[in-house]
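Count residues from 1 along the sequence.
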Amino acid sequence: MRILFMGTPDFAQESLKALYEEKYNIIGVVTNVDKPKGRGMKLMASPVKEYALEKNLKIYQPKKVKNNPEFIEEIKSLEPDIICVVAYGKILPQELLDIPKYGCINVHGSLLPKYRGAAPIQWAVLNGDKETGITTMFMNAGMDTGDMILKEKVQIGEDETTGELWNRLKDIGAKLLIETIKKIEAVSEKEKLSVEELKNKVGAQKQGEEFSMAPMLSKEMAKIDWENKTANEIKNLVRGLNPIMGAYTFLEGKKIKFWKVQVLTEEELLEKFEELKEYKERLKKLEPGTVLFSDDKKGLFIKAKEQILEVLEIQGENSKKMPIQDFLRGNKINIGSIFE
């Protein structure tokens, strides 16, 4: 089977690696153009391009795929049986979807139809979901609206970050892609089928009408809203934005990022700190964002709208992320201070 692969980040690299190690005929790899990164803004290849270079695979890096007749003709000339798309980063036009004999297959990081869109893994964590997974599907011109082929469900850990879930799902995505290709191969080798006939033979399922979206993340959403968000919601924000950008707040005009936090009830806090018991009634009247306890041995505890937030990993302005104890040895945060 002649396979064209389209993908960009390390999530996609794992799927490309799986195809290569299964000795599939990869006739080309399409990935995004190199982008400037780091302080020196040096052009950096995508993880998919790096792997393709290592394995001497033919690489294509069009600036756009829509309204690009030259690129479309080039792909037609390759005569792919199937196109595998994993986190490529661009919406494919119908004229590209129509090229391969057996259609375009996508590996998507959610249990469709939940979380269609650019950031399904991140939003599952941000929303505090207990489970998510991978779906493979036949692509159509819509945003993740194609007929589903295979699914695999996973539980999301209570403290699991987007980065940790991403790494688990990229392995599952690679495995499910191979299973999907083998399923298609087993059917298509016996008889010549149209894409629609193939969908029926492999048991592809339509998604139905109910769905939710997972749009791209914005820098604005990273600011902690002490007034309106509970401790659990803040924890989910911190987990969901780790390691992408980090959730941030301000203290005395300085920007501080939280990378790891834990939630405590008021009772758990009072058990931890005997000295606070006499202030129990006063605790209820303090505004969200108030520092309840700050100590380089016991840590940093902040009142939220509901419950208490314990900060475990922090990053000061123009500094590196570090455990809270290390931070508090060199940076004093006063009890009663209020995070903005």
Side-chain angles (χ1 to χ4, degrees), residues 1-7 12 14-31 48 52 55 57-58 60 65-66 69 71-88 90-113 116 133-153 170-209 211:
M1 184 174 285
R2 295 171 61 79
I3 295 176
L4 178 72
F5 185 86
M6 302 181 76
E14 202 63 35
S15 289
L16 177 59
K17 179 184 174 187
L19 287 170
Y20 184 87
E21 290 180 351
E22 286 286 328
K23 299 189 174 6
Y24 278 105
N25 180 17
I26 303 166
I27 57 174
V29 173
V30 183
T31 190
V48 162
K55 301 303 180 186
L57 299 171
K58 176 69 176 171
Y60 301 88
V65 290
K66 279 186 176 181
F71 174 68
I72 297 297
E73 287 306 312
E74 197 160 15
I75 298 307
K76 280 181 181 176
S77 71
L78 294 174
E79 298 182 346
D81 291 319
I82 200 163
I83 295 178
C84 296
V85 184
V86 187
Y88 174 53
K90 292 184 175 72
I91 295 174
L92 306 189
Q94 190 64 50
E95 56 185 341
L96 183 58
L97 296 173
D98 289 339
I99 292 173
K101 188 192 298 185
Y102 301 124
C104 296
I105 301 302
N106 179 238
V107 176
H108 185 74
S110 82
L111 297 173
L112 287 169
R116 293 174 181 170
I134 293 287
T135 305
T136 59
M137 64 177 164
F138 286 100
M139 295 178 73
N140 59 24
M143 173 75 80
D144 303 321
T145 55
D147 294 352
M148 304 174 293
I149 309 166
L150 294 176
K151 282 186 179 183
E152 185 164 331
K153 189 184 294 184
K170 73 181 180 184
D171 294 335
I172 295 169
K175 176 178 72 76
L176 224 58
L177 174 61
I178 298 303
E179 290 177 20
T180 300
I181 296 294
K182 287 182 176 176
K183 194 176 178 77
I184 289 169
E185 272 184 317
V187 171
S188 62
E189 282 178 356
K190 294 174 185 174
E191 53 186 315
K192 290 184 178 180
L193 301 168
S194 68
V195 174
E196 288 305 313
E197 288 171 331
L198 182 63
K199 287 180 185 180
N200 290 329
K201 288 280 186 179
V202 300
Q205 301 284 315
K206 302 230 172 272
Q207 291 194 36
E209 299 303 316
F211 65 92

Exercise. Has the side chain of Thr135 got a donor or acceptor atom that lies under 3.5 Å from a matching backbone atom of Leu112?
Worked result: yes
Problem set entry | Main-chain N/O of Asp144 paired with Gln207 side-chain donor or acceptor, under 3.5 Å | yes
For this session: Evaluate side-chain contact (heavy atoms from CB on, under 4.5 Å) for Val202 paired with Thr180, printing each intermediate quantity in order.
Result: CA-CA 9 Å; Val202 300; Thr180 300; over 6 Å; no
Exercise. Hey, is Lys175 close enough to Glu179 for a salt bridge, meaning N to O under 4.0 Å?
Worked result: yes
Calculate, to the nearest 0.5 Å, the distance between atoms [atom1] and [atom2] belonging to [X] and [Y] respectively.
X: Lys183; Y: Leu198; atom1: NZ; atom2: CG; result: 10.5 Å
X: Leu96; Y: Ile83; atom1: CG; atom2: CD1; result: 4.5 Å
X: Met139; Y: Tyr88; atom1: CE; atom2: OH; result: 11.0 Å
X: Leu177; Y: Leu19; atom1: CG; atom2: CG; result: 4.5 Å
X: Ile82; Y: Ile181; atom1: CD1; atom2: CD1; result: 4.0 Å
X: Lys58; Y: Ile27; atom1: NZ; atom2: CD1; result: 12.0 Å

List for me each residue that meets side-chain contact (heavy atoms from CB on, under 4.5 Å) alongside [X], sequence neighbours excluded, and say none if there are none.
X: Ala18; value: Ala174, Ile178
X: Phe211; value: Pro113, Arg116, Met213
X: Glu191; value: Leu193, Lys201

Taking all heavy atoms of [X] and all of [Y], pick out the closest pair and write down the distance.
X: Val65; Y: Pro93; answer: O-CG, 3.7 Å
X: Thr31; Y: Gly7; answer: OG1-O, 2.8 Å
X: Met137; Y: Gly146; answer: SD-N, 3.8 Å

Any [X] side-chain heavy atom under 4.5 Å of [Y] side chain:
X: Leu78; Y: Tyr60; value: yes
X: Ile184; Y: Phe138; value: yes
X: Phe5; Y: Leu57; value: no

Problem set entry | For Lys206, side chain to side chain donor-acceptor pair (under 3.5 Å) partners two or more places apart | Asp147
For this session: Could you note down all residue pairs passing salt bridge (charged side-chain N to carboxylate O under 4.0 Å, His left out) where residues 14-28 supplies at least one of them, sequence neighbours left out?
Result: Glu22-Lys182
Exercise. Counting only heavy atoms not in Lys55, do more than 12 fall under 6.0 Å of its NZ?
Worked result: yes
Going by atom type alone, with no hydrogens or angles, which donor-acceptor pairs under 3.5 Å involve a side-chain atom of residues 97-109 and a protein atom two or more places apart or on another chain?
from, atom 1, to, atom 2, distance (Å)
Asp98, OD1, Gln94, NE2, 2.8
Asn106, ND2, Val85, O, 2.8
His108, NE2, Ser110, OG, 3.3
His108, NE2, Tyr115, O, 2.8

